Structures are given as C-alpha cells and as structure tokens.
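Treat the numbers as computed from the prediction; the structure is a model and nothing was measured. By convention in this document, chain letters (A, B, ...) are assigned in the order of the sequence lines, proteins followed by strands, and residues within each chain are numbered from 1.
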Amino acid sequence: MTSRGTTMAEALNTALRHALRDDPAVHVMGEDVGTLGGVFRITDGLAAEFGDARCADTPLAESGILGTAVGMAMYGLRPVVEMQFDAFAYPAFEQLVSHVAKMRNRTRGRLPLPLTIRVPYGGGIGGVEHHSDSSEGYYLHTPGLHVVTPATVGDAYGLLRRAIASDDPVVFLEPKRRYWTKEDWSPDGPAAPVPPIGRAVLRRPGTDAVLITYGPSLPVCLEAADAAREEGLDVGVLDLRSLVPFDDETVCAAVRATGRAVVVHEASGFGGAGAEIAARVGERCFHHLEAPVRRVTGLDVPYPAPLLERHHLPGVDRVLDAVRDLQWPSATRARHGGEPYAVGA
Amino acid sequence: MTSRGTTMAEALNTALRHALRDDPAVHVMGEDVGTLGGVFRITDGLAAEFGDARCADTPLAESGILGTAVGMAMYGLRPVVEMQFDAFAYPAFEQLVSHVAKMRNRTRGRLPLPLTIRVPYGGGIGGVEHHSDSSEGYYLHTPGLHVVTPATVGDAYGLLRRAIASDDPVVFLEPKRRYWTKEDWSPDGPAAPVPPIGRAVLRRPGTDAVLITYGPSLPVCLEAADAAREEGLDVGVLDLRSLVPFDDETVCAAVRATGRAVVVHEASGFGGAGAEIAARVGERCFHHLEAPVRRVTGLDVPYPAPLLERHHLPGVDRVLDAVRDLQWPSATRARHGGEPYAVGA
Amino acid sequence: MTLQQTTERAAAEPRTPGRDPAPLLPDRRPARVLGTPAADAVDPALLRELHRHLVVGRRFNEQATALTRQGRLAVYPSSRGQEACQVAAALALRPRDWLFPTYRDTLAVVARGVDPVETLTLLRGDWHTGYDPVEHRVAPLCTPLATHLPHAVGLAHAARLSGDDLVALALTGDGGTSEGDFHEALTFAGVTRAPVVFLVQNNGYAISVPLAKQTAAPTLAHKGVGYGVPGVQVDGNDVVAVHGVLSAAVERARSGGGPTLVEALTYRLDAHTNADDAARYRSDDEVERWRAEDPVTRLETHLRAAGLLDEETGRQALAAAETMAADLRRRVAEEPAVDPMELFAHVYATPTAQLGEQRARLAAELRAEAGSR
Amino acid sequence: MTLQQTTERAAAEPRTPGRDPAPLLPDRRPARVLGTPAADAVDPALLRELHRHLVVGRRFNEQATALTRQGRLAVYPSSRGQEACQVAAALALRPRDWLFPTYRDTLAVVARGVDPVETLTLLRGDWHTGYDPVEHRVAPLCTPLATHLPHAVGLAHAARLSGDDLVALALTGDGGTSEGDFHEALTFAGVTRAPVVFLVQNNGYAISVPLAKQTAAPTLAHKGVGYGVPGVQVDGNDVVAVHGVLSAAVERARSGGGPTLVEALTYRLDAHTNADDAARYRSDDEVERWRAEDPVTRLETHLRAAGLLDEETGRQALAAAETMAADLRRRVAEEPAVDPMELFAHVYATPTAQLGEQRARLAAELRAEAGSR
Ligand SMILES: Cc1ncc(C[n+]2csc(CCOP(=O)(O)OP(=O)(O)O)c2C)c(N)n1
Ligand SMILES: Cc1ncc(C[n+]2csc(CCOP(=O)(O)OP(=O)(O)O)c2C)c(N)n1
Ligand SMILES: [Mg+2]
Ligand SMILES: [Mg+2]
C-alpha cells in the first residue's frame, strides 16, 4: 500500500467505464448512481460520459430496481445494478431468489439473465445499523447465482469485468471497507489477467496451515500470517475470490498440503460461508486433517454499533489464536489448549 | 400411521385454538386464514370461534403482513403470522432480517417481539415452482431468530405452543408434506410435554452411526435406519426440532457415541443447515469421528418440477448409500467406496 | 384550530407544481361497448374473431379442468368467466409485443398462439415453463404475485431505449395489486414512461379474500394517479370493450404516450383452482348473478341481434374448440417425457464442478435403478 | 376502434361500486396559514410554543452538525430547513400517542421530550437505539426506508383492537414513498382504518435524486386515493399549517375517522448528511430560494407583525437553545460508555448456549487485553 496507486473504488469505476465502452448492452442503474456517482463514487462520471440512460438514477425501490433489470436482461441488455448497502438489498430478495436465480432454469435455458448485482458489503467502516451486513450466506445458498467478492484492487477490476461479461447472474460483493485501499495497480499495467470466475488464489504459500478467506478479511489473514511467522509457524493464505462456483480443487490442495485450516470471514458464523467451507473440507480432506477446521467469524449477534464492532469482527489476534489452537505437536503447541471451539460458531 | 388418529394439520390447528383461548394477546393473521381457514386448513374454524379480529384475513402483501405484525407486537400483542408458502415469505425478508430479528437487540431489550411466523415449507407434494422451497438456511443464519421445525404430530402441537409463548421471534417451519400424516396423538392424551425450544431428541437409538435430521426428512431417516438394520448396521436417528437454538450437547453426545454421522435435509446442500451441522460436529467431535460427516441433501439446483422432484429429494436409498460410505471396517464395508463426497454438497 | 382554517390560503403557490391529475383518474363508470350504440360500429370481422377465441377459450378452460379430475394435470387455475379479458389481452398485441401472464392466464397465452400443451407444462409437472418465451414473446407464467410486473416495465423500457417500438402487456389479479412489486413497477413505469400496459383482472377475490378486505381504494383504476399513470376501468366481461381499451392503451404506449393501468371488472366462475373449495367463501347466488354476465353469452347475444352469428359461424367455432380439446386430451394423456439429467442443464451457462459431481452421482443411481429393474 | 368509442356506455352499472374518490384527493394548493387571514385566529400561546421549539430545533441541528465536524458524532442527517415539520409532528401528538421517526427525524424525537443525547446514540455509535421506545412512545429511528410504516399501522391497529384511543404518526421522506413497504402500509391502513397518520416530508430529494426522477405522481398526496386514504398537501415550512393539518388528522384518526396521508412541501438546507456533497446535485441558487422560505424566519415574521414576539420572548427562546446546545456539547464530549459484554445481552430473551460460549471467549480476550496493558 502506497499513497500513490489506485484504490479499489477507482478500479471498480474503471471496470464499469470499460464495460460501458466495450458493450452497448451494458447499463448501470441504481439509487444515486447518476448525478452523484453513487454514495461510494463507484459510478463517478459515468452518467456524464455515457448519458443517463446508460447510467441511470432509479426510484428508491430495490425490488423494482432488480425487477426492472430482470426485464431489461430479458430484452437482451446487460444491466449492472447497484444496491446502495448490503441490508438495502433485502427488499429485492424475492426478485433475487425467485426470479434472478431461477429464470434460466425455469425456461430451460431460453431466458438466461446476464445481470450483475453490485453490493457493497461488510463492516469496519463505523456505519450505523443496517450498513455493515455480510450477506453472502444468503446468496451462496441460492442455486443459480454466482457469488463473487474481490479482495484486491486488481481483482476488483478483473472480476467485475468477468461478472458483467458472464451470462449468469452474479452477486458481486464489494468489501466496502477496502474501497479506499490503494494498491500499485493500473488498468493498463502488465498485471496478469484475472482468470474466469470460480478460481481461488493462494495469496501466500505456507507449509504449516492455511487460512481460507475472502473479501474484507484477506488483509487480516495476511497480517495474521505475518504474526504467525514470528511464532515460528509458516501459514498460507487462500483467497477464494468466488464462493459460487467454489474452487474445491485449490482449497483441497492447500488443506491437504498442510493438514490444518482456519476459515475466516466477517459474517456471523452460524450457517455462514465458513460452515460450508469447513464441512466441505471435512468431507473431502478428512484423512489429511491434523486438527479440526477452525472458524473465525463474526459473532452470532446482529451487527453491532460502531463503538463495538471491533469486538465482533475477526481480528488478527483471533485468527492467530485459532492458528495456535490447531493441535500442534507439543513443540509448537501454543498456549491456548483444550477442546477446540470456534468464535462465532 | 393409522387411519384413525390425528394429523399434523389438526394438531397445529388445535395448538392455535388453545393459544387463542388461553391468551387474549394472541392474534392469528395472514392470507386466507379467516373465512377459508388457510389453504392448508391450519386455521380452520378459528375466525368463526374467535372472531375475525383474532384470526384475520389480511391484504395480499407479505412484507405488510409481517411489518404490521411487528407493530402489533410492539403494542404488546402476540401475533402469529401465516406465510402461505415458503417462497411467499421472501417478500417479507427485509422485515424479517432488519426488524424482526433485530428489534430486541436494537432497543437494548426494551422492545422484544413475541412473534411467531408460520411457514409451510419443503417439497414432496407435487407443487408447482415456488411452492416447495426449503428456506431454513436463510433464517438460521440470521441472529435474533429462533428457527423451529416439528417432525411429529405431538411436536407440532407442543412446539407451536412453545413458539407462541416465546418472547423471541420464532420462524416456525411446518413440513407441509407431513400435514396429513396421522399419528396416534391427542391434545388431551398423556403424551410427554414437549420440552422448551432448543432440545433435540433421539428418535431411535443406534450404536453404529447417527442420522441427524429434522422436519420432513425424519420419516426418510427412520426408514433408512430400518433398512440399515437389515444390512447389519444399528443406526440411530436424531431429530433436531430446532435449528436455532442448536442443541450441541445432544448432537455431540450422539456423534461421540457412534463416531459416524450423516446429516439429512431437503434443502440444497451448499451453504445449507447441513453445512453448519457438519462443521460443528467436525469442530467439536473431531477425535471421535471414524469417518467424515456425510451430507445427504437436496441437489444444488432450483427446486424441480413435480415429475422430477424425487431425484432432488434425499430418499431412503441415498441415505443408505451415505451410511454405507461411512468407511466401515472392511467386514461391514459396503459396496460404494472411494473418495467420500456428498450428494447435493 | 381545525383543518378547515388551514385550508384558507392566500398567495400560496405549490412548491412542486404537479401535473393535472384529472386525466389520470378513471371515469365514473367502466367502459362498455356491448349493449351500447358503439357496438354497431365495430368491425364484424373483429367480432367474429373475438367470438371464435371466446368459444375455443371456454372449451380450453373446461377441458383443462376435466384433465385435473383425470389426474392428467396436477392443478389448474381456471379462467372460466374471465375469457373476455384473456382473449382481449392476447389479441390487443402485435407479434413483436410481449405478454407477461400469471398462473391464471394460460388462456391468454394459448390465444396468443402458444401450443396449449406447452402452456400447461407448469401445471402438468414436467418442467416449469414449457414454451419458449423468446420465440413467442410471452414471459413465463408467473406465480409469485406481481413480481413479473417490474419485468414487463424493464423489458418495455429496454426496448424503448433500443429504439424498438414494442409494447409489454402485464397481467395481474386484484389481489396482486397489494404487493409492493405492483407499486414499484407502476412507479418505474410512470417515471420512465415505458411502453407498458397493466391489466388488472379484478375478479373480486384473491383466493378467498374479497376486494373489500384487499383495499379501500374507490376502484383499482384509481391507483394509477399515484404513479402519474392514467387509470381506466372497463367491463371485463365485455370482450369488445376490453379489446378496445387495451388496444388503445397499447397503441398509445407504442406511440410514446406512456403506460396505462386498466382495471377490468370480471369474475371467475370456477374455484381458485381445482384444489380450492369456493363454497367456503362465496354464495351460489353470487355465482349465479355473474353467470348471467357470462362473457361468451354476452357477445353471442350481440352477434345474434346484429345478425352476425349465423349457424355456420357458430358451428365452425364449436368445431375449432372441439379439435383443440381433442388434441389436448390426446397429447396430455401421453406420459410427459422427462429427463432427470436435465436437472443440471440449466442452472448455469456452464455447470459448476459441484453440479458435475451431483450429476454423476444421479447418473449412477439411475443406472443402478435400471439395472435392478 | 378507439378508446373514445368504448367510453360510450348505456345502462352499464359499475360492478364494484366504489366509494366517492373526491374527498380523498388533495386540494389544488398546499394548506397554508402564515400569511393568510387564518393566522390571526391562532392561539398566541401555541404560536409562542411553536416558535420556541423552532428556535431550539434549529440550534439542535446546527450543534449536531458541528459535533460531526469535531468527530463527536459519526454522522448526522440534518433536518435544517425542515424544522417546521419536525416540531409540528411532535406537538401534534398527545403523550400516549406513538411517533415513528426516520434517521432524519431526531429533532422530532427531541421535541417530543426525549433526551437529545439519547436521541443521538445511533449517530454517536454507542448503540443503535439510545432511548426507551416504550417509555417515550417513540419507535427507534428507522434507517431501512419505509419499513417502519407498517409498524405504525400495526401498532395503531392493535391499540384500536384493544380499545385504546392512541394514534400513531409515522414519518417518511419523499424517496421512501417509492418503496413497496409504503404501499403495503397504506394498503393495510386503508383496509383496517387504523388510527395512523403518515407525514411525508417532501424535501425534493432522496439523497441526490430529485422528485421528478422518483415519481410521476401529480403530488405525493395523490397517492392516498389508491388506498382509500385521504391525501392532504401542506406548506411544510409553515409550522402553523403543518401543526394544524397534523392535529386535525391525528384527532380524526383518534375519533375513528381512519388514516390520513399528509405531504409537507419542504427542503433540507444542509446536505443529506455531513458525508454528502450536495453541490453535486443541486445549485446554490436553489438553496438560496429555499433559504428565503426558512420556516423559523417565516414564523418570526408573522409573530413580529402580530406583535407577539417581544424582545424578552425572543431572548428566552435563544437562551433555551443555548442551554440545550451547551448541554449537548458537554455531554457528547464525554467518552460514551460501552460494554462489550452487552453484545450478547439482547439477542434473545435468554442467550443460547452458543452465545454463552462466544461471550466467554470475548471475556477471556478482554481479560488478556487488560492484562497486557
Ligand atoms: C407473493 C405471493 N404470495 C402469495 C401467493 C399465493 N397465492 C397464489 S394466488 C393468490 C391469490 C391471488 O389473487 P389475485 O391476484 O386476485 O388473482 P386471481 O387468483 O384472483 O386471479 C395467492 C394468495 C403467491 N402466489 N405469491
Ligand atoms: C431500503 C433502503 N434503501 C436505501 C437506503 C439508503 N438511503 C438512505 S437515505 C436515502 C434517501 C432517502 O430519501 P427520502 O426518503 O426523500 O428522505 P430524506 O433523506 O430526503 O429525508 C437512501 C437512498 C435506505 N436507508 N434504505
Ligand atoms: Mg382475483
Ligand atoms: Mg427527501
């Protein structure tokens, strides 16, 4: 992170700009996305450049926004919908589950919906209630949706381009507290192109254990891995990038190589993405596991007020504690022992 | 199952009648619950007996129904809301997640919501699309809600009474394909009282493995256990009865006693209740497990049309296959070997 | 102080000068043609076409209901009594227009030219949508109430943005107008002025719930003004009036005049579906009163009086109806072909690896099943 | 055939004879009192009370905004310019009535008597709702738009069923009227005739989106007719008019007259919140035009002309405002007390075993943290 460089917000903006430029079917729509450029400025300048039909302010009605986008996609356009905040996508839940996810299936493939639904999600920004939900657990349990979430600036650009180009509906979860993180990335740079949706990436190799994470928790995990190194543990970090499709291959390879895994995410643990990940790893890597898969997640409470959110979110210490608890042979065994159990699970 | 006896529909009707009789704060409301008695007749006769204010037909607007019920609960009533079918509760998702689940918490306990939301759920009744969803995965991942589902006639009565008496909001999931199953039960009978919400029950003991299930899949599991017995395996069946609160104690005891577990439910596997159950069991019973926890669930597809639903739903054969796959010592090892993986996961 | 006093006002200019609401409000009485002098001016060819569709449509409803009794259809939400709305909706559209039906609008879909058997796929149980929506420009029969209304707005809006002059006609029941999606669809339609027409078939009930428990609005057509969308009420059992009102609204939309909300007053003579027991919530008397307003009879009465229904025309219509019904009986009697592997075919453009595993597993199960037979 | 022809109708009787829509439609101009002869008839005591609340309210808005600049409040959605609506809403209610505010309505909550610091808890970040909703009969400040409107209907309906003559007053913005929950709340209110009043503060924008992109309705008050709910428009910067219209509506509701939808035309002089950049979507000119309609000034002009605002009264109002502001500054400057253990206290009546485990874990973390300090 340098003070020069590109923010995730800028990369997303660029991705939208390029998508609008390259394909006349692409239409951006949502609350305040036009004149204002979105409350996070992700659509800044797009209405001015492409006109307010291609980047349209809509009435304040999320079900109507998504439902209208469904109709536009039925006509052959590629709508990119912005939901202003995670919790404000809930009014559109019926449209999402009963239509967006099912339209291709209901019509035997005759009405695919090339729709992208951008949702700024997660906490850590000191937002008032309903502004910090991690809602990926609802979406990933809904067959027919792809669920994608970038953790880096380059992925933000690459995955959003992939999402918009996809013929499947994609719920594109943007870790809002990473919007202003700068990285040394430019759209014209020589960065490796982002692979198709559905591939995880090992952000850091490690021989002793692997942290499995995505979106806003990636930096936490990288920091925890650094700290673990100081304790003599070589911990890898895997960034899932997409929850659906799920990259069993990469995940299982990482787990089998180390025999120890911790899953980290902000959402409440109970019934969250971490449950699926831990369950799959348990099913597929059972004989390779040296310790139970641990989950470090948000608590099973409604998202707390700003002054309390640090106690809710998985921080470096909690991740580190979980790593220490992975039933190491006594030489490396850390101070916290006992029956394994997970925070937030 | 005898041709005499009581159906689950009748038991639920009786529970509502007794609740209305015992507590003037109880108000039943929903689409067609009055004059018609509900499309499943669960509210049959209640409007006639208690008046159409206590059992009220509402306008056709689920968010409005639940939102109005929230206001009624704020005033001090105990609304019991009927959602006509699983998928028709989705329009109320925002009310459920952003208000029902959070009101007590937001207000530091000053505004508890004693609300029961009855949702007929699940498939197997040959329903057209949107009439057979298993939506428990969405609810159990939402802190602040209790999620309860009866599998027997006696539990239907007892748990619904408990739900209505609870000061917490309860999503009460009724396995609709069990509505007309008769059992030898009567409200005046000597049956053991149903314990508080949050306790699982071992429906059938077994020393070799345990099937963990709930709601509509209980009979499937009992049948599978019978069939397993013929293959020489003594398989127990655990009925969770409530997903939130989750009865770790009973579940872990059952798993530790046998070392082998299969989780069975109708909902799609990916990110479903079974993921949480398998993950918890993996975390808490790691050293007791002889084989990975297997999941037998609905496929990861939108709920299919009637003529295909039997291929989607977990049937006896699939459960039995999973039991056979639990890495038995070679003497009892069944024909299907290889890398364990789950149908629908 | 009272409200009275406050309504005195001097130089107060409204700060958001609104449009004139008057043209948005429905007339005091529903539009009618049959039984009025206007009926004589209607093109006889149109009347005969409407008549043939009504006769065939009535037969379709009866045949489909009969098929439920024989267990050939799982369920059928009959539109008997509402045929005028169904037929008029289909015939008011041009080929490039789109129709957005509900579960009750199978007849409108058939009248638009979709194969009846494909139309009934949902209710027969072999798949969800049986016909090709793009080929026929008919959206899937929609079950979650009012959720298809924003789709119609979006499609119409997209077409307009693309310079395509098609119109979308979206159908809903009276109950459906209470859903939030009705409101949001009308709001978007009003703001975008998308070329979309909403037809509310007000049959007086949402399953068992009568209109008076559904809304306190003077009429459903009055809902339009809240969205800047003109509301029109029409006698829904007068096929000529419904066709006229819808055609006018469709052509107005096509020429850039914006959306219209049409409320048709009608009645379903059958129960909600064959699974429903209508006697629980409505009287025989009421049904009888509405039987007297039968849309088929009403058109026939006019045609006879106008000398437009000779024996041959009547015979031909009945023959077309019988041919359709016989074809339906025969084809629906055949076991529908389903392929379990199709379960995985349309979830995504490319099945995920997980679905591939599940598919392989099911294939193995089916092989085992076949082997043990 | 054209629509024209079909509107000729002979004996056609409407099949669902609706109510008369006329009384439900708003007048052509918003209700005003200030600057009209009616102003002279208003009780001077009421005028002075309204004035004092406006002055204190304005100061509250300014102070809260200043506190965001000092980092004492995370965010503040100011109602500067909308004080007439805020104050009138609070004063139109009796103690047993309920108020249902949004995030923008902190001032209405304060004017109702809730401690300003408790009112600001949400925006200060120590918890969500800071005051006791039951004690004050004020629902939590609601952020998800329009979702609290059905709550107001339900509470009012429940009270009426219980023979309790309280009234619920629910506030929303213009943008909020597009949400499905607005529609559903109004539908339920119309059908149940619950004693509820809806006040739409139409400040012309939903964040950056102007009303013309929000709806094509002639006015927002016209939305009432679609629900059988009378719609009234009022000059929202005329505190006497808003108070009069709301009081009348509240008392009508109390006496069984059913719900009312009130649209107040107003303007927020500040940005959406301190985090917003209003210059992106509106001109200084526009803001200036509305500054000239400042609700505080408008009442003061009247009071002066009527000889009701002597120096002493003015001084007292300012002093009350300063006292409130000083108290606010002082108390908000203190570090708010938060207890991490409270995270687990209010999720359920009795914490689940899982929450117990998580609680123990956090307690251990906090002990470790304290130990390492
Ligand atoms: C969102 C939703 N809620 C509930 C239902 C269940 N349901 C099916 S039809 C119906 C009544 C619809 O009434 P109306 O809109 O008047 O249409 P009609 O059946 O009279 O044609 C109901 C409640 C549904 N399909 N969708
Ligand atoms: C359901 C929902 N969607 C989106 C938002 C984000 N949001 C907060 S305020 C606002 C604009 C509201 O405008 P209006 O109703 O006119 O009230 P005002 O802010 O002008 O008082 C938006 C879009 C929200 N709070 N809730
Ligand atoms: Mg109807
Ligand atoms: Mg506004």
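For T142(A), the parts lying under 4.5 angstrom from a heavy atom of chain B are both the backbone and the side chain. Proximity to chain A (any heavy atom under 4.5 Å) is shown, for S63(B), by neither the backbone nor the side chain. Only the backbone of V301(A) comes within less than 4.5 Å of a heavy atom of chain B; no side-chain atom from C-beta onward does. Looking at L289(B), the atoms closer than 4.5 Å to chain A (heavy atoms on both sides) sit in the backbone and in the side chain alike. Only the side chain of V244(B) comes within contact range of chain A, with at least one heavy atom under 4.5 Å from a heavy atom of that chain.
Listed by first then second residue, pairs satisfying salt bridge (charged side-chain N to carboxylate O under 4.0 Å, His left out) with a partner in residues 91-101 of chain A number zero, not counting sequence neighbours. Among residues at least two apart or in separate chains, there is no salt bridge (charged side-chain N to carboxylate O under 4.0 Å, His left out) pair with a member in residues 60-70 of chain B.
Closest approach of M83(A) and L66(A) over heavy atoms only: CE-CB, 4.2 Å.
With chain B as partner, the option from N105(A), L96(A), D133(A) having the largest number of non-hydrogen pairs under 4.5 angstrom is N105(A). Comparing A89(A), G272(A), A273(A) by heavy-atom pairs within less than 4.5 Å of chain B, the highest count is held by G272(A).
When atom types are taken as modelled, the side chain of R256(A) and the backbone of R284(A) share a donor-acceptor pair closer than 3.5 angstrom.
Ring planes of F93(B) and Y138(B): perpendicular class, angle over 60° (limits at 30 and 60°).
Inspection of the E129(B) and Y303(B) side chains reveals no N or O donor paired with an N or O acceptor under 3.5 Å.
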